[in-house]
There are 2 protein chains.
Amino acid sequence: MTWEDRSGRIDHAAPLLLWSQVAGDMRADIVSGRLASGVRVPSELALAEIYGVARVTVHRAIAELVSENLLTVVRGRGTFVALSS
Amino acid sequence: MTWEDRSGRIDHAAPLLLWSQVAGDMRADIVSGRLASGVRVPSELALAEIYGVARVTVHRAIAELVSENLLTVVRGRGTFVALSS
DNA sequence: GATGATTTGTGCGTATGTATC
DNA sequence: CGATACATACGCACAAATCAT
């Protein structure tokens, strides 16, 4: 799994909310298995740079995926792909 | 001090500006002493939900009370009832 | 054990676009 | 058109938990 620049996948002028676009992009990698269970994803700050959005926007996207049981967050440690996915 | 739903105290059709109505409602709690000095008030987002208005509207109301030395704002921490009140 | 860096949690400050009157 | 209000998003700041040194 590579985490290079993904800013091109985000359309700041699209009707879809930014955090929804980020969540959708990350969700695709999880459900496809490209992101294996238990793997740690980059920090919110790193993801913000990767997607070219604000950290708060990434935070909302992660919160959405957590509510879908696709991600697990541990304060002070990081964010991980959920085990049950 | 309770912070339950206060949307009924705001009249969106009244001639008074919304932020002025919110400021007036909060001011009453401060000058009466129901809100003690140093106490932290709910976040702007929480107050927005409590009053049923936008966060920006609460922000303006707080700015008004700050100018009256009734509230003190600490960026990154929250909003508190001024000590000298 | 202590200290500082990292990471998430959350708050305020502000800008932009849109809707309504 | 201008004023008010709302939603979204970005930026910066502080708190708390964790980890490396």
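Residue numbers begin at 1 in each chain, while the letters A, B, ... track the order of the sequences.
- Candidate nucleotides C:dC12, C:dG9, D:dC6 were compared by shortest atom distance to the side chain of B:S43, and C:dC12 ranks first.
- Taking atom CZ of residue B:F80 and atom C1' of nucleotide D:dC14, one finds them 11 Å apart after rounding to whole Å.
- Residues B:V81 and B:W3 share a single hydrophobic cluster, defined by chaining ILVMFWY side chains whose heavy atoms lie under 4.5 Å apart.
- How far OG of A:S67 is from CG of A:L65: 7.5 Å, rounded to the nearest 0.5 Å.
- Contact annotation: the side chain of A:L18 approaches that of A:Q21 to within less than 4.5 Å [non-hydrogen atoms, C-beta and beyond].
- B:Y51 and B:V66 fall within the same hydrophobic cluster, defined by Ile, Leu, Val, Met, Phe, Trp and Tyr side-chain heavy atoms under 4.5 Å apart, directly or through other members.
- B:R40 has its CZ atom 11 Å from the P atom of C:dT10, to the nearest Å.
- Taking atom CD of B:E64 as the reference point, atom P of C:dC12 lies 18 Å away to the nearest angstrom.
- Mapping B:G76 and B:G52 onto DNA chain D by nearest heavy atom places B:G52 at the nucleotide closer to the 5' end.
- Distance from the side chain of B:L18 is smallest to D:dA5 among D:dC12, D:dA5, D:dA9.
- Picking from D:dA9, C:dG13, C:dT8 the nucleotide with the shortest atom distance to the side chain of A:T79 gives C:dT8.
- With C:dT8, D:dC14, C:dC12 as the choices, the nucleotide that has an atom nearest any side-chain atom of A:R55 turns out to be C:dT8.
- Here the P atom of nucleotide D:dC6 and the CD atom of B:E44 are 13 Å apart, to the nearest Å.
- Taking for each of A:A54 and A:V74 the nucleotide of DNA chain D with the nearest heavy atom, the 5'-most of the two is the partner of A:A54.
- One interatomic measurement links the two molecules: CG of B:L17 to P of D:dA5, which rounds to 5 Å at whole-angstrom precision.
- Within the model, atoms CZ of B:R55 and CG of B:L45 stand 7.5 Å from one another, a figure rounded to the nearest 0.5 Å.
- Between C:dG11, D:dA9, D:dA7, one nucleotide has an atom nearer to the side chain of A:R60 than all others, and that is D:dA9.
- Listed nucleotides: D:dA5, D:dG11, D:dA15. Nearest to the side chain of B:R77: D:dA15.
- OP1 or OP2 of C:dG13 sits under 4.0 Å from a side-chain N or O of B:H59.
- Between B:L16 atom CG and C:dC21 atom P there is a gap of 19 Å when expressed in whole angstrom units.
- Atom CD in B:E49 sits about 17 Å away from atom C1' in D:dA5, given to the nearest Å.
- Counting any heavy atom pair closer than 4.0 Å across all strands shown, B:R75 reaches a base atom.
- Between B:L45 atom CG and C:dG9 atom C1' the separation is 14 Å, expressed in whole Å.
- Side-chain proximity of A:V53 to the nucleotides D:dC10, C:dG9, D:dA5 is greatest for D:dC10.
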